[in-house]
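This report refers to the structure that appears directly beneath it.
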Amino acid sequence: MGNSHKLDQWIERFPFMKGLPSDDLTRVTKVVQFPVLDAGQIAYEQEASCDNYLMCLEGRTRVFKLSNGGREMLIYKVEGGGTCMLTTQCLLSRSNFPAESIAEERTELAAIPASWFHVFMAEIPAFRDFVITDYTKLLGAMFSFMDQVAFSTIEQRLARRLLAEADGAQMVGKTHQQLAADVGSVREMVSRHLGEWERSGWVRTSRGKIEILDGAALASRQSR
């Protein structure tokens with residue numbers, strides 16, 4: 001796939017680029033790179049240096065922390081058209097990445113090298129405005145997520161996650177362990193709730209998949 005196609009895709013995904021003065025757009029497009037991550041490939045390891053400002057074109061990455069005991073806690077996910085809040089924070093503070101990031105599926109990125117990121121922040125107002133505005137929105141979403149973890153039950157978080165992850169066929173392609181990581185719990189608790197919901201006829205579970213049979217019933221569990 002040609003580089004010109006990637007540039008067009010990048011500009012379509014991040015419309016602020018269309019408003020850049022032509023000279024600034026040329027400067028940015030000359031240094032951008034388009035790495036591709038396969039499913040399961042690491043984007044950033046904890047305490048790694050942040051070498052690029054990353055903008056997701058397609059796919060999805062998962063950003064998470066691991067406890068000393070190996071328990072995973074999801075922080076957020078980045079999908080097409082999004083950026084990574086912790087990468088931005090890392091670059092702005094010139095610190096290392098404080099979590100881990102891994103591709104959940106094949107993921108295409110636009111990457112601006114860190115040295116050029118700082119140049120563009122200083123010299124291209126529209127680029128700086130996008131980065132700061134986007135970072136502020138992501139920070140707000142992070143606080144919302146923290147509220148959910150702190151003030152929602154596991155049952156509420158699990159119902160919310162299933163409904164958010166369901167595809168057009170109301171199928172969620174996740175293991176119990178993966179769902180536990182997503183909602184900040186342990187596999188046994190997730191399995192217990194799914195077992196109860198299956199007996200009630202709300203879901204049907206199989207290996208690595210959960211089919212939603214009664215979305216309205218699950219929705220009622222989001223705000224209990």
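All of these numbers come straight from a predicted model, not from anything done at the bench. We count residues from 1, following the sequence as given.
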Would a distance-only check, ignoring hydrogens and angles, find a side-chain to backbone donor-acceptor pair under 3.5 Å from Y76 to L138? no
Measure the acute angle between the ring planes of F97 and Y44, then classify it against the limits of 30° and 60° as parallel, tilted or perpendicular. parallel
If the plane angle is over 60° it's perpendicular, under 30° parallel, otherwise tilted; pick one for F127 and Y53. perpendicular
Could you check if a side-chain atom of E155 sits within less than 4.5 angstrom of a side-chain atom of W197, using non-hydrogen atoms only? yes
Qualifying salt bridge (Lys or Arg N to Asp or Glu O under 4.0 Å) pairs with a residue from residues 13-23, counting only residues at least two apart or across chains: E12-K18, R13-E58
For residues 208-219, the salt bridge (Lys or Arg N to Asp or Glu O under 4.0 Å) pairs (sequence neighbours left out) are R204-E211
Would E165 and K77 satisfy salt bridge (charged side-chain N to carboxylate O under 4.0 Å, His left out), going step by step from the backbone distance to the final call? CA-CA 12 Å; E165 293 275 353; K77 298 186 181 187; 3.0 Å; yes
4.5 Å side-chain heavy-atom contact, R221 and W202: yes
With respect to R161, which candidate in V190, L179, V172 satisfies the side chain to side chain contact (heavy atoms under 4.5 Å, CB included) definition? L179
Is any side-chain heavy atom of T87 closer than 4.5 Å to a side-chain heavy atom of V63? no
If you define the side chain from C-beta out and look only at heavy atoms, does anything of F16 sit under 4.5 Å from V131? no
Sidechain-backbone polar pair: T107 side chain, E105 backbone, donor-acceptor under 3.5 Å: yes
Do the side chains of L218 and V203 get nearer than 4.5 Å, heavy atoms only? yes
Any side chain to side chain donor-acceptor pair (under 3.5 Å) pairs touching residues 124-139, not counting sequence neighbours? T83-D134
Can you tell me if the gamma sulfurs of C90 and C50 sit closer than 2.5 Å? yes
Determine whether M121 and L92 make a side-chain contact, defined as any pair of heavy atoms from C-beta on separated by less than 4.5 Å. yes
Any donor and acceptor pair, going by atom type alone, linking the side chain of S95 with main-chain N or O of L91 inside 3.5 Å? no
Is the backbone of T205 close enough, under 3.5 Å, to the side chain of E198 for a donor and an acceptor to pair up by distance? yes
Among I102, I42, L109, which residue satisfies the side chain to side chain contact (heavy atoms under 4.5 Å, CB included) criterion with L37? L109
Would a 4.5 Å heavy-atom cut-off, applied to side chains only, mark F120 and D24 as touching? no
Counting C-beta onward and ignoring hydrogens, is there a side-chain heavy-atom pair between N52 and F117 closer than 4.5 Å? no
Hey, does the side chain of K65 reach the backbone of P98 with a donor-acceptor pair shorter than 3.5 angstrom? yes
